[in-house]
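Have a look at the structure below before the remarks.
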Amino acid sequence: MSRLIVQMQMSIDGFVDSDVPGSRWQLWDWGPNWTWSADARARFNALFASASGILLSRPMAGEGYLTHWRRTAEQHPDEPDYEFAARIGRLPKFVVTEHHVADQPGTKVINGSFAEAVRQAKHAVDGNLICFGGAGFVAALLQHHLVDELQLYVNPGLAGHGARIFGDTLARDRFTLLDATPTACGILITRWNPTRPEHPSDVAAVELPAWEGIE
């Protein structure tokens, strides 16, 4: 069974996306101009080097994530900074959803209840399973206590308002800081170990989300 590692970009004010027009909270827009410093790039690549598989939300799988990084790998075939893009293509990928998803090379679609589908993905590989999804998807993973490690790349900017991954249902939870590393470009990389509520009855008292709104 794998460890599920969630990696998210976050603003100083705690958002993972911004509704403010023209917001520049995130240093890198995932385009060709990678503005991260060498140390931040190395940490990002190390995450993929340690991975045995990738967990994706349906929108991430169906709206260009895999195509984008396949093209990036083709454009930078011999550059160590972009090794992560090649790894995305090589690693087995799992999409958990209640909807139909078109077949893609190296990608398995797992249907069923949200929590059970994620558990199936975690059992499909050994080692680290890296997750990339939107705010609703990650929030649901946290609420279901399916995350083994949360990595937050805190960007040196303010989003103003927008999507969050933390909500009231997590107020009973605790997070243990594993490490926090500043980088030359200003991103603070933090790693957290989520823990379950101290009282098991608290979990039952939380209304966990259905599929609607997760993806």
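Worth saying up front: this structure is predicted, and the values here are computed from it rather than measured. Index from 1, following the sequence.
- Here the CG atom belonging to Leu56 is positioned 11.5 Å from the OG1 atom belonging to Thr97, to the nearest 0.5 angstrom.
- Aromatic rings of Phe132 and Phe94 (six-membered ring for Trp) have centroids beyond the 6.0 Å cut-off, not under it.
- Looking only at side-chain heavy atoms (C-beta outward), Ile187 and Pro156 come within less than 4.5 Å of each other.
- Salt bridge annotation for Asp148-Lys122: present, with a cationic side-chain nitrogen under 4.0 angstrom from a carboxylate oxygen.
- Looking at every heavy atom in both residues, Ala51 comes nearest to Ile130 through CB-CD1, 3.2 Å.
- Residues His145 and Asp173 bring a donor and an acceptor atom of their side chains to less than 3.5 Å of each other.
- Counting heavy atoms of neighbouring residues, nucleotides and ligands inside a 6.0 Å radius, atom CG of Asp168 does not exceed 12 of them.
- Scored by the ring-ring contact (aromatic ring centres under 6.0 Å, His included) test, His76 finds Tyr82 as partners (sequence neighbours excluded).
- Among residues two or more places apart in sequence or in another chain, the side-chain contact (heavy atoms from CB on, under 4.5 Å) test is passed with Ala38 by none.
- Taking the six-membered ring wherever Trp is involved, the centroid distance between the rings of Phe114 and His144 falls below 6.0 Å.
- Remark: the backbone N or O of Ala163 is not paired with any side-chain donor or acceptor of Asp17 at under 3.5 angstrom.
- The main-chain N or O of Leu47 is found under 3.5 Å from a side-chain atom of Ser50 such that the two form a donor-acceptor pair.
- Here the closest non-hydrogen pair linking Gly162 and Asp19 is CA-OD2, 3.4 Å.
- With rounding to the nearest 0.5 Å, the separation of CD in Gln26 from OG in Ser18 is 10.5 Å.
- Scored by the ring-ring contact (aromatic ring centres under 6.0 Å, His included) test, Trp192 finds no partners at all (sequence neighbours excluded).
- Across Ile12 and Asn155, no two heavy atoms sit closer than the pair CG1-O, 3.3 Å.
- Ring centroid separation for the pair Phe84 and Trp34 comes in under the 6.0 Å cut-off.
- The shortest heavy-atom contact between Phe15 and Ala159 is CB-CB, 3.7 Å.
- Grouping the Ile, Leu, Val, Met, Phe, Trp and Tyr side chains by contacts below 4.5 angstrom, directly or via other members, places Met8 with Met10.
- Heavy-atom minimum distance, Val147 versus Glu149: CG1-O, 3.3 Å.
- Side-chain atoms of Lys108 do not come within 3.5 Å of backbone N or O of Gly106 as any donor-acceptor pair.
- For Gln151 against Ile5, the heavy-atom pair with the smallest separation is NE2-CG2, 3.7 Å.
- Relative ring orientation between Trp30 and Phe44 is described as tilted, the plane-to-plane angle lying within the 30° to 60° band.
- Applying side chain to side chain contact (heavy atoms under 4.5 Å, CB included) to Ser2 and the options Asn128, Leu55, Asp126, Leu129 leaves one that passes, Leu129.
- The closest donor-acceptor contact from the side chain of Arg164 to the backbone of Ala135 lies at 3.5 Å or more, if one exists at all.
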